[in-house]
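Notes for the one structure printed next.
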Amino acid sequence: RSVALVGAPTNLGQRRVGVESAPETLRRLARDGALAPPGWDVHDLGDAFAREDGFRSAADAAADGGATPFAAASAAHRKLADAVTRALGAGRHDVVLALGGDHSVSIGSIAGVLRDAPSARIVWIDAHADVNTERTSPSGNLHGMALAVSRQRRGLSRDDSNDFGGAYDWLRTTRAPPLDLAKRVTYVGSRELDPGEETLLNALNVSRFTGVDDLRAFTASLASDDDPGSPIHASLDVDVLDPSAFMPCVGTRARGGLTTEQCVDVLRALAATGRVRSADVVELNLEACETDEERAASAANAAALLNALLKSP
Ligand code: DIR
Ligand code: MN
Ligand code: MN
Ligand code: MN
């Protein structure tokens, strides 16, 4: 079986430098044979855009008040969407993995996936819900708005100016339908929601599985899915793991969280459906932690999660 890697080396969706280097880290693990289980063949398709196009220094972020540079972020995401659609369409790969980068890259990968398969399901595995709009976002960081953009193609701007300066207008002219949160999205592991996100998800009645019992309920629910034919895109923010024990190297540490083993179980259950066609792995930031031990553990745990997504033939 074949897994394709597409790099998305960007930090534009948040303010910390370092997350743009994760594709290189994950590739190194792939070259060392640590990324795919036996029976899988790794095909590295390179980066969807140049690192310079997705990079902002900490000084730049401070200079512009930390606000997301939407035009630059959007241009990178558009290239990722094209790379993902191309990789899926070629039919040569069983699974396509987008390697972030911060979680805003999912705006691109989801557009790319929905263009290939409009009925795809999104499983959002993350400590956070990433469904803030410009109005509800406490941070102004685009990585916390990825699903809101995929859903509405607009950010409900704070000041009633054009949303994102029109940067995401291209989403309206792709063949990708807007993402229906209630019908297509399931949250796993979300534990730190902002007030506006909580209100929205409750109003739309979006499925969320958080605690340990919930995780079991989620894996059980996969067997009785009402739409077993549709492909699954797993969007994996590694901050879903407990930062104190398993994933210290992330930009936003949320108290508590899954053990690596719990997350592996969820991912294996997803893989066992045979429906996982694509995934993101995002937010690994080896500059956001202190020691070499933390870096080694975080990278190894990220690789363990990716391996669990690939079903043994
Ligand atoms: C927070 C953090 N909810 C925000 N989001 C993160 O900025 O909107 N998502 N870190 O992964
Ligand atoms: Mn091959
Ligand atoms: Mn996230
Ligand atoms: Mn997160």
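Atoms within each ligand, like the ligands themselves, are counted from 1 in listed order. Basis for what follows: all heavy atoms, side chains included, without hydrogens, waters or symmetry-related copies.
Defined by atom type and a distance below 3.5 Å, a donor-acceptor pair is present between the side-chain atoms of Ser104 and His77.
By the criterion of side-chain heavy atoms lying less than 4.5 angstrom apart, applied directly or through intervening Ile, Leu, Val, Met, Phe, Trp or Tyr residues, Leu193 is not grouped with Phe209; the two fall into different hydrophobic clusters.
Nearest N/O/S atom of Asp239 with respect to the Mn ion (ligand 4) is recorded as OD2. Taking the Mn ion (ligand 4) as reference, Asp237 places its N/O/S atom OD2 nearest. The N, O or S atom of Asp130 with the smallest distance to the Mn ion (ligand 3) is OD2. When the N, O or S atoms of Asp126 are ranked by distance to the Mn ion (ligand 3), OD2 comes first. Looking at His128, its N, O or S atom nearest to the Mn ion (ligand 4) turns out to be ND1. Here the N, O or S atom of His103 that is nearest to the Mn ion (ligand 3) is ND1.
The option with the heavy atom closest to atom 7 (O) of ligand 1, from among Ser139, Ser190, Gly144, Gly13, is Ser139. The option from Asn141, Val240, Asp130, Thr133 that lies nearest to atom 5 (N) of ligand 1, judged by heavy atoms, is Asp130. For atom 11 (O) of ligand 1, the choice among Asp237, Asp102, Asn132, Leu142 with the nearest heavy atom turns out to be Asp237.
With ligand atoms numbered from 1 in the order given, ligand 1 contributes 11 (O) to contacts under 4.0 Å with heavy atoms of Asp126. Residue contact check: Asp239 has heavy atoms under 4.0 Å from atoms 11 (O) of ligand 1. Ligand 1 places these atoms under 4.0 Å from at least one heavy atom of Thr252: 10 (N). The ligand atoms of ligand 1 that sit less than 4.0 angstrom from a heavy atom of Asp194 are 1 (C), 3 (N), 4 (C), 8 (O).
Classification of Arg121 and Asp227 as a salt-bridged pair holds, one side-chain N sitting under 4.0 Å from a carboxylate O. Comment: Lys79 does not engage Asp82 in a salt bridge, judged by the lack of any side-chain N to carboxylate O separation of less than 4.0 angstrom. With respect to the salt-bridge test (charged N to carboxylate O, under 4.0 angstrom), the residues Asp163 and Arg135 do not qualify. Between Glu198 and Arg208 there is a salt bridge, since at least one side-chain N of the basic residue sits less than 4.0 Å from a carboxylate O of the acidic one. Salt-bridge formation is not detected for the pair Glu287/Arg16: no Lys NZ or Arg NE/NH1/NH2 atom is positioned less than 4.0 Å from an Asp or Glu carboxylate oxygen. We find that Asp292 and Arg295 are joined by a salt bridge, their nearest charged nitrogen and carboxylate oxygen being less than 4.0 Å apart.
Counting heavy-atom neighbours within 6.0 Å of Arg92 CZ, excluding the residue itself, gives a total of 12 or less.
At a 3.5 angstrom cut-off on N or O pairs, His128 counts as close to ligand 1. For a threshold of 3.5 Å applied to N or O pairs, the pair formed by Glu283 and ligand 1 contains no separation below that value. Ligand 1 has no nitrogen or oxygen under 3.5 angstrom from a nitrogen or oxygen of Ser137. Every N/O-N/O distance between Glu192 and ligand 1 stays at or above 3.5 Å.
None of the N, O or S atoms belonging to His143 lies under 2.8 Å away from the Mn ion (ligand 4). Residue contacts to the Mn ion (ligand 3): Glu283 brings no N, O or S atom closer than 2.8 Å.
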Report the C-alpha separation of His143 and Asp130 in whole Å, then their side-chain angles, then the decisive distance to 0.1 Å, and conclude whether the side chain to side chain donor-acceptor pair (under 3.5 Å) test is met.
-> CA-CA 7 Å; His143 74 161; Asp130 295 352; over 6 Å; no
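Contact check for Val96 versus Val6: side-chain heavy atoms found under the 4.5 Å cut-off.
Ring geometry for Tyr187 versus Trp124: interplanar angle over 60°, hence perpendicular rather than tilted (30 to 60°).
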